[in-house]
Asks: 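Encoded as structure tokens, here's the structure I'll be asking about.
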There are 2 protein chains.
Amino acid sequence: MNKRQQLIEQAFQLFYQQGIHAVGINQIVRQAKVAKKTLYSHFESKDALIEAVLAYRDERFLVWLDKRMTSVEPGKPALLVMFDALDDWFNNRVPTLANFHGCFFINTCSEYGNPESTIYQLCQRHKLRVRELIMSHVKQLQLNEDVNVLTDRLVLLKEGAIVTAQVQADKAAAKKAKLIAEQLLPDASLV
Amino acid sequence: MNKRQQLIEQAFQLFYQQGIHAVGINQIVRQAKVAKKTLYSHFESKDALIEAVLAYRDERFLVWLDKRMTSVEPGKPALLVMFDALDDWFNNRVPTLANFHGCFFINTCSEYGNPESTIYQLCQRHKLRVRELIMSHVKQLQLNEDVNVLTDRLVLLKEGAIVTAQVQADKAAAKKAKLIAEQLLPDASLV
DNA sequence: CTCATGGTAGACAGATCGGTATACCCATAT
DNA sequence: ATATGGGTATACCGATCTGTCTACCATGAG
């Protein structure tokens, strides 16, 4: 019973469902069944807790996506299965990621308008890490074209799908994005 | 000097740059140079003000986008110029829309997790209206394919570009999305 | 046994929140 | 001449926020 982890996980749940500013410290400690003093012995402020929550979610999300993408043949299948994974996420078939409420990092950036802030930059870093993961699979395609270009396009489709699934409540957004991705990826996965 | 409008515009500026929850009523009236009582004579609560701000931005954005898209030949050029318009927005070349801080409606949904709330639904409605605008131009293509499918794809690219420009600070996101859109749109704009 | 450690429960402090009330000002229309 | 409507400025209310402090409890090591 690691209190620190308990706090992080409970804080994430609340932040993700209701937004960070809308959730108070008292609510977190109450639901985590932890004394307020314990929270402040582990984290020096609410901001420090938020940063820990971002790191936790970053890790969770990347491990999950990496596992899904390496569970099939490398190259085109791996890139396409990413959209199947997103589809599972949007439709709440991934308990690890909690009930879908959009991308936690996009949401957090929306709440913290200032790009100079540590919190904002942690969100950017997460997106960069996801991009790196996708790019590593794009490289397996062994294309002549620029790897960055194709990576950017897939990332853009992914972000578009996430936001559409959230705001428009379009649970089929991942499937739609996948169809576009299929058009972007060359038929011969390995030359 | 319409005080009501003054309040809406100043509130929008602050909400858009800092997030709604992060901005207090006192800050709004101070910067709008309006007495607090005047605010509450025009709006019965902060939520009512937020709703008015959403309606204001909805109108502004749609008029702007509509003008841009009808300023060129209908069909494919109109759909592609949308991405040029987004590019201008992302790079702060559209004073009407204020300095780019992502999509105000996506940001607001991120802060108001509950899809049942009026505020959330106003955001959805805005996105639906933008979709309708895009679809009206897709129809001009006179395609055999399903109009909804192509519309959804263009919307997805648009959302992806907005989020990428915001979180990743990728100011070229619109140009990248445009290249994908060109690939999706048929060469012959009118059969 | 003793005592340090890490925990609980919750009162408290100081600031700020949304919203109301008071007191005053001033232009215009009757 | 005066009454009224819309505005200003600001004190105030109760609630809630982050963060601190006090007092107590349990457990395991020396």
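Proteins get letters first, then strands, A, B, ... in listed order; numbering begins at 1 in each.
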Asks: With nearest nucleotide decided by heavy atoms, which residue, Val34(B) or Lys46(A), maps closer to the 5′ end of DNA chain D?
Replies: Val34(B)
Asks: In terms of the nearest nucleotide of DNA chain C, which residue is placed more toward the 5' end: Lys36(A) or Ser41(A)?
Replies: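 Result of the comparison: Ser41(A).
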Asks: Check the distance between dG6(C)'s C1' and Leu7(A)'s CG and give it to me in whole angstrom.
Replies: 14 Å
Asks: Distance check needed: dT8(D) C1' versus His42(B) NE2, whole Å only.
Replies: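 Rounding to the nearest Å, NE2 of His42(B) and C1' of dT8(D) are 13 Å apart.
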Asks: Could you work out, with salt bridge (charged side-chain N to carboxylate O under 4.0 Å, His left out) as the rule, every residue matching Arg153(A), not counting sequence neighbours?
Replies: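 Arg153(A) satisfies salt bridge (charged side-chain N to carboxylate O under 4.0 Å, His left out) with no other residue.
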Asks: Any idea which heavy atoms bring Ala22(A) and Gln27(A) closest together, and the distance?
Replies: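 Smallest interatomic distance, heavy atoms only, reads O-OE1, 4.2 Å.
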Asks: Taking NZ, NE, NH1 and NH2 as the nitrogens, is one of them in Asp88(B) or Arg68(B) under 4.0 Å from a carboxylate oxygen of the other?
Replies: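 A salt bridge is present here (some side-chain N lies under 4.0 Å from a carboxylate O).
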Asks: Without placing hydrogens or testing angles, list every side-chain donor-acceptor pair under 3.5 Å for residues 127-134 of chain A, not counting sequence neighbours.
Replies:
unit_1	atom_1	unit_2	atom_2	d
Lys127(A)	NZ	Glu159(A)	OE1	3.1
Lys127(A)	NZ	Glu159(A)	OE2	3.3
Arg129(A)	NH1	Asp58(A)	OD2	2.5
Arg131(A)	NE	Asp152(A)	OD1	3.0
Arg131(A)	NH2	Asn148(A)	OD1	3.2
Arg131(A)	NH2	Asp152(A)	OD1	2.8

Asks: Any ion pair linking Lys176(A) and Asp170(A) (charged N to carboxylate O, less than 4.0 Å)?
Replies: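 Judged by the 4.0 Å cut-off on N to carboxylate O distance, Asp170(A) and Lys176(A) do form a salt bridge.
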Asks: Mark yes or no for a side-chain to base donor-acceptor pair under 3.5 Å between Lys3(B) and dG7(D), with no hydrogen or angle criteria applied.
Replies: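 No, no donor-acceptor pair under 3.5 Å.
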Asks: Rounded to the Å, how far apart are Asn2(A) CG and dG6(C) C1'?
Replies: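 So the two atoms are 13 Å apart, to the nearest Å.
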Asks: Could you list by number each residue of residues 19-30 of chain B showing a heavy-atom separation from DNA chain D of less than 4.0 Å, or answer none if no residue does?
Replies: none
Asks: Thr38(B) side chain N/O closer than 4.0 Å to the phosphate oxygens (OP1, OP2) of dT8(D)?
Replies: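 It does, given that an N or O in the side chain of Thr38(B) lies less than 4.0 Å from OP1 or OP2 of dT8(D).
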Asks: Rounded to whole Å, please give me the gap between NZ in Lys37(A) and C1' in dA13(C).
Replies: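 Checked: the NZ to C1' distance equals 16 Å.
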Asks: Provide, to the nearest angstrom, the distance between the OH atom belonging to Tyr40(B) and the P atom belonging to dG18(C).
Replies: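 Between P of dG18(C) and OH of Tyr40(B): 6 Å.
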Asks: CG of Leu39(A) versus P of dA9(C): gap in Å, rounded?
Replies: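 These atoms are roughly 14 Å apart.
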Asks: Measure from the ring center of Phe61(B) to the ring center of Phe104(B) and say whether it is less than 6.0 Å.
Replies: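 Between Phe61(B) and Phe104(B), the centre distance exceeds or equals 6.0 Å.
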